[in-house]
Structures are given as structure tokens and as C-alpha cells.
2 protein chains.
Amino acid sequence: MADTVTAAATSTNAASKSERAYASVKTRIVDGTYSPGYRLVLAKIAEDLGVSVVPVREAIRRLEAEGLVKFERNVGATVAGIDPTEYLYTMQTLSIIEGAATALSAPLIGPADVARARSVNAEMRDCLTHFDPVRFTQLNQDFHSVLFEHCPNPHILDLVHRGWNRLASLRSSTFRFVPGRAHESVDEHEELLQLIESGAGADEIERAARLHRSATLDAYLAQSNS
Amino acid sequence: MADTVTAAATSTNAASKSERAYASVKTRIVDGTYSPGYRLVLAKIAEDLGVSVVPVREAIRRLEAEGLVKFERNVGATVAGIDPTEYLYTMQTLSIIEGAATALSAPLIGPADVARARSVNAEMRDCLTHFDPVRFTQLNQDFHSVLFEHCPNPHILDLVHRGWNRLASLRSSTFRFVPGRAHESVDEHEELLQLIESGAGADEIERAARLHRSATLDAYLAQSNS
DNA sequence: GTCATAGTCATCGTATACGATTTCGTACTC
DNA sequence: GAGTACGAAATCGTATACGATGACTATGAC
């Protein structure tokens, strides 16, 4: 007992337990350890993390507010849905937010950024010849990160990240690589970069970025329907 | 003591205390009872609501995840910022989300909806002659609600509502009526309705809706700078 | 008068305990 | 064999207690 208390006091120095619980559970959801539908039993998570249920409960509620967790009174928490419709809506929302984020960033993207994005895109192209879907997906994320990172509006940036988290949590169970689409995607990246370099208007960039994401969504849907 | 427990058991039937705490605090933030910067002391709120601190704490954390509350470890919670920049970013984000929501709803908006929106807009025009800014603001919200309510994407709808909550919490301390802009606003509403009736493309409707919101933002800014 | 320091107070953070609710399995009846 | 009712187990919900932390204040030295 005394040991427990001492340990608690010590570990508290770094970050609150509720914070740690939040981060841990979120990570596990996003990386697929807890896949959609997984039942999150408060007491069990608390035991796993070596804390009591109160901070875990708090963490779960925060994740619920972010949409990663579904919570039902007196029943429990589960990792939020795998519903294909949900996936579609999330992608659609993300395409809108990402489009706006890219457009807002565009005027602040310098030659160095474009060069970096281009090198990432080149590596993506390599992944297509070596067939490395996992790396490809990671690089894709990196590519878009370059486009976003200068976005001056923190809310939009936050929404982009949330969308990605949500998508990641779904993708871990639903992701399938679409080779044909991947080639187009790389080409569209280059087009996007040229558009930015040319100093195109925000509207034009936004539309291009959004269409890029939408096309990916369509490809997923086409594949899952077949 | 026994009384307290009994009362607790009874009231639990309706909704969880954490739920009630969440709703109460949120309402008070949005309606301006707790204005930005207001210090939210857990124990005090708990006492006000007649519950213990645990559910209050949970509610506060959820509100934090929604951006309505700022929470600092071992320091406390305050109602989130009144920073003008914050206001600008929120409005900008909202204009993007609202534009998308309107565009997605447009194909599902029927003649009855248009008629309803038009009647709301007519009443808004009346408010201009009677000079009733409060009512005007409320009607404005109603008008846009009509445009959104058919939006099939629940995420986007959710974001719109959050944006409004956030804006409401800020506006309660920063809102000032801009008569000139109000007239334009009413005219733009009519234009929007005509656009929808004409079966215009999603892009066109989205842009119009977004510009409408942006113009309002610009008017606010112009006024606060003068 | 100003700055540093120590001590107190307010407040948060979490563990524990126990009550409330739901769920699931089992036995009983038709 | 199917359906229902009852009861036990699992799990959530919240109060209470106490420790930890940061902010504020008073006191002293310079």
C-alpha cells in the first residue's frame, strides 16, 4: 500500500495519469491494437496501465469527444465504428478540411518545402515499383504534412489531425492498397506542387487538393464494391 | 448522509450526473453566464450542481476536447479565450464547414424548406426596421439551420454545431451588431435561396455560402478595427 | 523599497469504496 | 423445444478521502 502511494507520487512528476491513459489508449486505437468494436473495459485498462479507473474514465470520455470511442451509459466503451458509411463520411469530411488546409498553407509554402515534398513523392514512386504499400501510405501522409504544416489556422490543422487519427483507426482494419489509384495519386501530387509553385489562387488549389482526396475515396469504394 | 445517497439514487434514473454537469456547464458557457476567462473551479461547480467533483471533472475534460474550456494541470480550468485571432480563426473554419454543409444539403432542400427559410429571412428584414439585433441573430441561426439540416454527413453537421457553440461563447462578449452588413446579409440569404432553387452546382453553392460567412467576418473585423 | 524565500492556502489528481444498472446464464413453465 | 422470469456476475457511476502541486502572502535581508 505504502509502496503504491510512493510510486504514484513519483510518477506523477512527469505527466498526469489521466494524460498518460489518454495517450496510451489513443495510440492503441490508432495503431490498431484496439481495433474497431473492441470493448474498452475501464477496470481492465486501468489495471494494464497500473492506475485506477478514474483517470481512465476521464481519458475515455475525452476520446469519445474526439469521436474515437463510443460510450454507452452503464454498458461501456467500445472503439468507434467500422461502418463503411462512417468511413465514407470521414473521408468526405477530411477531403474538405484538407482542401482548405492546403489552400490556406499554399501562399506560405516556399521552394524548400516544395523540394522536400517532391523528394517524398519520388520515394512514393519507388514504392510502387518495389511494391511497398505500407511505406507508401506513410509517405503519403508525409507528403500532405508538408502541404499543411504552414496552415495558419490552428483549428483547421487540428481537424486535419483528428481526421487522420480517425481514419487511421478505421484503416487499420479496412485499408487495402489500390495500385492503379496509387499511380494516379503520385501524378496528382506533382500537379498539386506545380499548382502551388505557379502561385495559383486559393480556390484552385483547394479544389485540386479536395479532388485528390475524393478520388482516393472513390477508388477505395470501387474496390470494396467489387 | 443517508438522505444524500437516496437523492443520488433517485436522480440517477434520468441521466448521469456527469452528463448533467456537461450539459449545464456547456449551456452556461454558450449563453454567456460563464464568460471567456471565467475560472471554473471544480469544487464550486460541483457544489452548485449538487454533485461531487468527479463527474464535474469528467464534464470539464470533455468540454476541453471540444475547445470550449482551457485546462491546465494543477492550475484549473477557464472558459476558453476571447483572443480576437481566435475569433477570426473560428469564423474562418466555420465558413468553410458551413459552406460544405450547405452544398451537401442543397440537393435535398425542397420547396417547403425554401419557403420556411424565406419566411425566416422576411422576419429578419423586419428586425432591421424595428432594430432588434438579438432576435436578428437568433433568426440568422435559424435560417442557416434550415440550409444545413438535410446535410447527410453527420461529421460535418457536428462540426457546424461545435463551431456555433464556440462562436456563441465568444460572441456573448464580443458581438456587436453591424447594421450595414445586416442588410447585405439578408439580401445574400435571398440570393442563396435562389441559387438553391435553380439547382446550381455544389461548387457554386458552397462558394456563395462561404463568401456569405466570410463577408460577415470581414464586417466584424472592420468594425472592431475602427 | 525591492527582491528572495519560506510557509500557507486553494485547488487539482487519484485511489478506494460502494451503490446502481445492465447483461448473461440458468431454470422453470407452457 | 421455445419463451420467460429470476438471479448472479460484470461493469459502470459517483462520493469521499487524502496526497500533490502550484499560487499567493508574509517575512526577512539587502
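First the proteins, then the strands, lettered A, B, ... as listed; each starts at 1.
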Can you check the [X] [atom1] to [N] [atom2] distance for me, whole Å?
| X | N | atom1 | atom2 | result |
| --- | --- | --- | --- | --- |
| Lys17(B) | dT21(C) | NZ | P | 11 Å |
| Leu40(B) | dA10(C) | CG | C1' | 16 Å |
| Phe71(B) | dT11(C) | CZ | C1' | 10 Å |
| Arg73(A) | dT22(C) | CZ | P | 7 Å |
| Glu19(A) | dT14(C) | CD | P | 9 Å |
| Asn74(B) | dG13(C) | CG | P | 5 Å |

>> Assuming nearest nucleotide by heavy-atom distance, tell me which of Glu72(A) and Gly76(B) is located more 5' along DNA chain C.
In response: Gly76(B)
>> Could you work out, with salt bridge (charged side-chain N to carboxylate O under 4.0 Å, His left out) as the rule, every residue matching Arg61(B), not counting sequence neighbours?
In response: Glu19(A), Glu58(A), Glu64(B)
> If you check the Val75(A) side chain, which of dT11(D), dG13(C), dT22(C) turns out closest?
Replying inline: dT22(C)
> Can you tell me how far CG of Asp132(A) sits from CD of Gln138(A), rounded to the nearest 0.5 angstrom?
Replying inline: 11.0 Å
> Got a donor-acceptor contact below 3.5 angstrom from the Tyr89(A) side chain to the Pro152(B) backbone?
Replying inline: yes
> Do Arg62(A) and Tyr22(A) have side-chain N/O donor and acceptor atoms under 3.5 Å apart?
Replying inline: no
>> Ring-plane angle category for Phe148(A) and Trp164(A), please: parallel below 30°, perpendicular beyond 60°, tilted otherwise.
In response: tilted
Which side-chain N or O atoms in residues 41-52 of chain B pair as donor and acceptor under 3.5 Å with protein atoms at least two apart or in another chain?
none

> So which of residues 45-65 of chain B are in contact with DNA chain C, with a heavy-atom cut-off of under 4.0 Å?
Replying inline: Arg57(B)
